[in-house]
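All values below were derived from every heavy atom in this structure, side-chain atoms included, with hydrogens, water molecules and symmetry-related copies excluded. Start at 1 and go down the list; that is how both ligands and their atoms are numbered.
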Amino acid sequence: TFRFCGGTFPGKTEATIGVDFREKTVEIEGEPSFLVCFPSQVQVWDTAGQERFRKSMVEHYYRNVHAVVFVYDVTKMSSFSNLKTWIEECNGHAVPPLVPRVLVGNKCDLKDLIQVPSSLALKFADAHNMLLFETSAKDPQESQNVDAIFMCLVWL
Ligand SMILES: Nc1nc2c(ncn2[C@@H]2O[C@H](COP(=O)(O)OP(=O)(O)OP(=O)(O)O)[C@@H](O)[C@H]2O)c(=O)[nH]1
């Protein structure tokens, strides 16, 4: 969220408590009629990962949601394995099937530490009807790919 909304990677991060909310205005190119139809304000809710910091907020995360981004850490197989739980939670909150969902493997800059092969992630994404992006929030050269994730969701 920081890379997309702020254009940088924070030097120091702290665990998200409750929710971290950011927004960004994007320019959507297209027919004038499309410009009328599509919102240009993107609001991103970064939910807390740790159970103790998210308990009271869960209901709010899913209210009026227009898209869901599931992020795992490519250097941590456990974060990939946990995706099932996050998807079940999302389903349990009646997020309509037409709400687009994408899967993002983050930390691709740590090439020597990768534990989750792309092929496995792609299979999982296919099985859950999601697009897969592999990227790095840290690597400035990947910033366009991070933008692409959100811009793709604006169009979906
Ligand atoms: N190398 C590398 N480190 C990253 C990247 N993205 C995040 N990190 C680091 O991973 C750690 C956790 O990042 P967070 O953004 O707090 O992760 P989170 O999943 O939002 O965690 P919660 O706040 O608990 O929900 C921090 O030390 C970040 O600097 C990345 O693309 N590459």
Is there a protein heavy atom at a distance of less than 4.0 Å from [atom]?
atom	answer
atom 6 (N) of ligand 1	yes
atom 1 (N) of ligand 1	yes
atom 23 (O) of ligand 1	yes
atom 18 (P) of ligand 1	no

*asked:* Check whether Asn145 reaches the backbone of Phe133 with its side chain - one donor and one acceptor, N or O, closer than 3.5 Å.
replied: no

*Between Arg22 and Val44, is there a donor-acceptor pair closer than 3.5 Å when you use the side chain of the first and the backbone of the second?*
no

*Is Ala48 touching ligand 1 with its side chain, its backbone, both, or neither, if touching means heavy atoms under 4.0 Å apart?*
backbone

*Are Leu153 and Val71 connected in the hydrophobic side-chain network, where two residues link if heavy atoms are under 4.5 Å apart?*
yes

For ligand 1, which atoms have a heavy atom of [X] less than 4.0 angstrom away?
X	result
Asp109	1 (N), 2 (C), 30 (C), 31 (O), 32 (N)
Thr47	25 (O)
Asn106	5 (C), 6 (N), 7 (C), 30 (C), 31 (O)
Gly49	22 (P), 24 (O), 25 (O)
Ala137	31 (O)
Leu110	1 (N)

_Please list all pairs meeting side chain to side chain donor-acceptor pair (under 3.5 Å) that have one or both residues in residues 74-86, counting only residues at least two apart or in different chains._
Asp73-Thr75

Which residue and heavy atom of the protein sit nearest [atom], plus the separation:
atom	result
atom 4 (C) of ligand 1	Lys107 CE, 3.6 Å
atom 13 (O) of ligand 1	Thr13 OG1, 4.2 Å
atom 21 (O) of ligand 1	Thr16 OG1, 4.9 Å

*Val104 side chain near Thr135 side chain, heavy-atom distance below 4.5 Å*: yes

_Angle between ring planes, His93 versus Tyr62, binned at 30° and 60°: parallel, tilted or perpendicular?_
parallel

*Mind telling me whether Phe80 and Tyr72 have parallel, tilted or perpendicular rings, with 30° and 60° as the class edges?*
perpendicular

*Considering distance alone, does some N or O of Phe9 sit under 3.5 Å from an N or O of ligand 1?*
no

